[in-house]
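So the structure is just underneath, and the comments pick up after that.
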Amino acid sequence: MLVLLCLLLGAPGARAQAPADTVRRPRTVALDTVAVAPQAVNTEGWLLLDPDIRGELGGAVANLYNFKFDRAERQFRSLRRRYPHHPMPYFLLGLNVWWKMMPSNFTDTKYDRLFLAYMDTTIAQAKRRYDADDKNYEACFFLAAAYGFEARLFGERSSYAKASLYSKRALNYLERSREANGLSPEFLLGQGLFNYYADVITEAHPWLKPVLVFFPKGNRVLGLQQVRTVATEGFYTRTEAKIQLIDMLQSTREKNPLGALQICAGLLAEFPDNAYVQREYAKLCFVTGNIGAGEAVSRQMLEKISLGLPGYEATSGRYAAYYMGYYNQFIYHNLTAAKDYYLRCIVFAEVSGQTQQRYYSYANGNLAKIALQEHDAPAARRYYQAVLDHADKALPLRAEAQQYLKPRKK
């Protein structure tokens, strides 16, 4: 159960800034909803709430999300030189590494050790502060975030015992930090994610309820509202909240892909070289039938792959090439171009070892259909065989391939 929670709570972490020329109205907090009144907490030394640090890091965080990783790393290292015993610089350096892993859907393991080293150091520095003062909610924030990220990675690597252990620790510190959720919207994101996903998980998996009884009860509606609040009012966590909203809104539960598309378009305008956001935008355009924008962004992705820009690699290519193949086959009826793009999709999938993914199967299936149109039976059999070899058993396309390939009576 906790593996499921850690995969959700540890999703891509604390992020971005508001534009420098944006002035927000002060946040109004009803004190009867906050366990600790803001003025009752000693926030001295909390970099998370320091306006000077925010001003300094605004450009660095923007560089991170726009995949200018080297620039962001230099700025975060500068922060570490001045605050070597604070968890924030190590967490941001780890986050910079995390986003290098994101575009591959975590199939690339070469960053694992470096990422875990930064998160372990974050935990060590935050734990030292928490042990000295158990009302240091900033330390709780970093402990919950770092443990959550590590749990997510362990889950991706199928290390489920570690994932469970680290998710328990993340939830423990998340629960402690909720006392200060009126101090800053940064503290609200973890609670919003827990509320939303804990509620969803118990509904989808009733057998988990006996385990979840040891944790606060979730509330999907409240969780969604809290994440929306952070997406509007957060500073470091604003971009993270928006990415979480994209996932939530396009889900089968919320069924609001147009809302997700709108948020994604805003993020892409802000971070045009973020390969993950651009891929999500291409996917949402495809799902919602926004053909013009979908084709344009897919072409851009393929061009950036050819230029070798950071984050633009085989996983993004698999998505973009499939969409271009589909548009050319079913919208423009250009079968020559469609075949070329589908073949590129297949190559991208094979290069990245992602032949079990559905676009790989659909690319083969659509190539089989084109082969049948062109009366090329050997090619059709070859592509349908690839579907049988790799497609999920529940995929309807698999039954289509079986039907075509079954022995025929002479």
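Just so it is clear, the values below take in all heavy atoms, side chains as well, and ignore hydrogens, waters and symmetry mates. The chain is numbered in sequence order, starting from 1.
- Among residue pairs with one or both ends in residues 301-318, those qualifying as salt bridge (Lys or Arg N to Asp or Glu O under 4.0 Å) are D273-K304; sequence neighbours excluded.
- Partners of F69 according to the ring pair (Phe, Tyr, Trp, His ring centres under 6.0 Å) rule, which considers only residues two or more places apart in sequence or in another chain, are F67.
- Using a 4.0 Å cut-off between a side-chain N of Lys or Arg and a carboxylate O of Asp or Glu, E400 and K369 qualify as a salt bridge.
- A salt bridge is defined here as a Lys NZ or Arg NE, NH1 or NH2 lying under 4.0 Å from an Asp or Glu carboxylate O, and E270 with R238 meets this definition.
- Between the N96 side chain and the L92 main chain, no donor and acceptor come within less than 3.5 Å of each other.
- Counting only residues at least two apart or in different chains, side chain to side chain donor-acceptor pair (under 3.5 Å) contacts with residues 138-148 comprise H86-E138.
- For D120, there are no side chain to side chain donor-acceptor pair (under 3.5 Å) partners at least two apart in sequence or on another chain.
- Partners of Y326 under the ring pair (Phe, Tyr, Trp, His ring centres under 6.0 Å) rule, at least two apart in sequence or in another chain, are F286, F330.
- Both tests pass for R169 against the ring of Y166: distance under 6.0 Å to the centre and angle within 45° of the axis.
- Under the salt bridge (charged side-chain N to carboxylate O under 4.0 Å, His left out) criterion, D70 pairs with no residue at all, not counting sequence neighbours.
- A salt bridge does not link D133 to R129: none of the charged nitrogens lies less than 4.0 Å from a carboxylate oxygen.
- If you check the side chains of N195 and Q226, you find a donor sitting under 3.5 Å from an acceptor.
- Partners of Y332 by side chain to side chain donor-acceptor pair (under 3.5 Å), not counting sequence neighbours, listed by chain and number: E295.
- Ring centers of W98 and F106: under 6.0 Å apart, within the cut-off.
- Taking the six-membered ring where the residue is Trp, the centroids of Y173 and Y130 are separated by under 6.0 Å.
- Applying the ring pair (Phe, Tyr, Trp, His ring centres under 6.0 Å) test to Y111 and every residue at least two apart in sequence or in another chain returns nothing.
- Looking at residues two or more places apart in sequence or on another chain, you find a side chain to side chain donor-acceptor pair (under 3.5 Å) between E254 and Y196, R220.
- Taking the side-chain contact (heavy atoms from CB on, under 4.5 Å) definition, one finds that A296 meets it with nothing, sequence neighbours left out.
- With sequence neighbours left out, Y322 forms a side chain to side chain donor-acceptor pair (under 3.5 Å) with N366.
- Among residues at least two apart or in separate chains, salt bridge (Lys or Arg N to Asp or Glu O under 4.0 Å) pairs with a member in residues 339-350 are K339-E374.
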